[in-house]
Amino acid sequence: MFADGKRLVVLGRRGEELAVESKNEGADLPTIAQLAEGFQAHGYPWMPGGDPYRDEYKRWVEDVPDLPPGANALFKARAAALEKEDEKNIAELRKELAKLGLVVRDTESRQWWRGVQQRTGVE
């Protein structure tokens with residue numbers, strides 16, 4: 001778990017996003033210090049340095065070859081939604097990309113992505 005700006009992010013064992021809550025999305029979140037203290041008090045790992053995968057993100061550019069089939073089309077649609085500030089479609093397309101094993105971060109109107117670890121054995 002870590003704070004990413006105004007967002008609280010909960011990651012799974014493979015680095016996938018299990019939950020993302022943001023004050024901008026109507027969540028009434030406590031301060032970062034309160035979140036960290038609360039999660040740690042209950043034995044949950046807190047990443048004070050932020051996203052442990054931050055160095056793995058790559059900037060999305062049209063037709064990048066490293067992506068799974070269909071991902072470029074989703075990123076293109078998401079770029080259009082970002083331009084229009086269509087929050088509903090931005091969120092829905094993020095979920096569709098997550099189904100393909102991708103985690104997305106935005107900086108202004110730019111999209112950054114990374115893959116999650118593949119499943120190995122029984123979890």
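Starting from 1, each residue takes its place in the sequence as its number. All values derive from a computational prediction rather than experimental measurement. The basis for the numbers below is simple: all heavy atoms, side chains too, and nothing from hydrogens, waters or symmetry mates.
Residues in residues 62-82 take part in these salt bridge (charged side-chain N to carboxylate O under 4.0 Å, His left out) pairs, two or more places apart or across chains: Lys58-Asp66, Glu62-Lys76, Asp63-Lys76, Arg78-Asp106. Applying the salt bridge (charged side-chain N to carboxylate O under 4.0 Å, His left out) definition to pairs two or more places apart or across chains, none involves residues 33-50.
Shown here are the side chain to side chain donor-acceptor pair (under 3.5 Å) partners of Trp113, two or more places apart in sequence or in another chain: there are none. Every side chain to side chain contact (heavy atoms under 4.5 Å, CB included) that Lys99 has, sequence neighbours left out, goes to Glu96. In this structure Thr107 satisfies the side chain to side chain contact (heavy atoms under 4.5 Å, CB included) test together with Arg110, Trp112, sequence neighbours excluded. The salt bridge (Lys or Arg N to Asp or Glu O under 4.0 Å) test applied to Asp4 returns Arg7, Arg105, not counting sequence neighbours.
Residues Pro68 and Leu102 approach most closely at CD-CD1, 4.0 Å, considering heavy atoms. Heavy atoms only, all atoms of each residue included: Ile32 and Ala3 are closest at CD1-CB, 3.2 Å. The two residues Leu100 and Pro69 have their closest heavy-atom pair at CD1-O, 4.1 Å.
Leu82 shares a hydrophobic cluster with Ile90; the chain of contacts runs through ILVMFWY side chains whose heavy atoms sit under 4.5 Å apart.
Glu92 contributes atom CD, which lies 12.5 Å from atom CG of Leu97 (distance to the nearest 0.5 angstrom). If you take CG on Asp55 and CZ on Arg114, they are separated by 11.5 Å, rounding to the nearest 0.5 Å. Between the CG atom of Asn72 and the CG atom of Leu67 there is a distance of 5.0 Å, given to the nearest 0.5 Å. Between atom CG of residue Leu74 and atom CZ of residue Arg94 there is a gap of 13.0 Å, rounded to the nearest 0.5 Å. Note that CD of Gln40 and CE of Met1 are 10.0 Å apart. Values are rounded to the nearest 0.5 Å.
Side-chain contact between Leu11 and Phe2: present, with at least one pair of heavy atoms (C-beta onward) separated by less than 4.5 Å. Between Val20 and Leu8 the shortest side-chain heavy-atom distance does not fall below 4.5 Å.
Between the side chain of Glu16 and the backbone N or O of Arg14, at least one donor-acceptor pair lies under 3.5 Å.
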Donor-acceptor pairs under 3.5 angstrom involving side-chain atoms of residues 44-54: please list them, not counting sequence neighbours.
| unit_1 | atom_1 | unit_2 | atom_2 | d |
| --- | --- | --- | --- | --- |
| Asp51 | OD1 | Tyr53 | N | 2.8 |
| Asp51 | OD2 | Tyr57 | OH | 2.9 |
| Arg54 | NH1 | Gly49 | O | 2.8 |
| Arg54 | NH1 | Asp51 | O | 2.8 |
| Arg54 | NH2 | Gly49 | O | 3.4 |

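In the hydrophobic clustering of ILVMFWY residues, with side-chain heavy atoms under 4.5 Å counting as a link, Val64 and Val116 come out apart. Put simply, Val61 and Val103 are part of two different groups of oily side chains (I, L, V, M, F, W, Y) that touch within less than 4.5 Å, one to the next.
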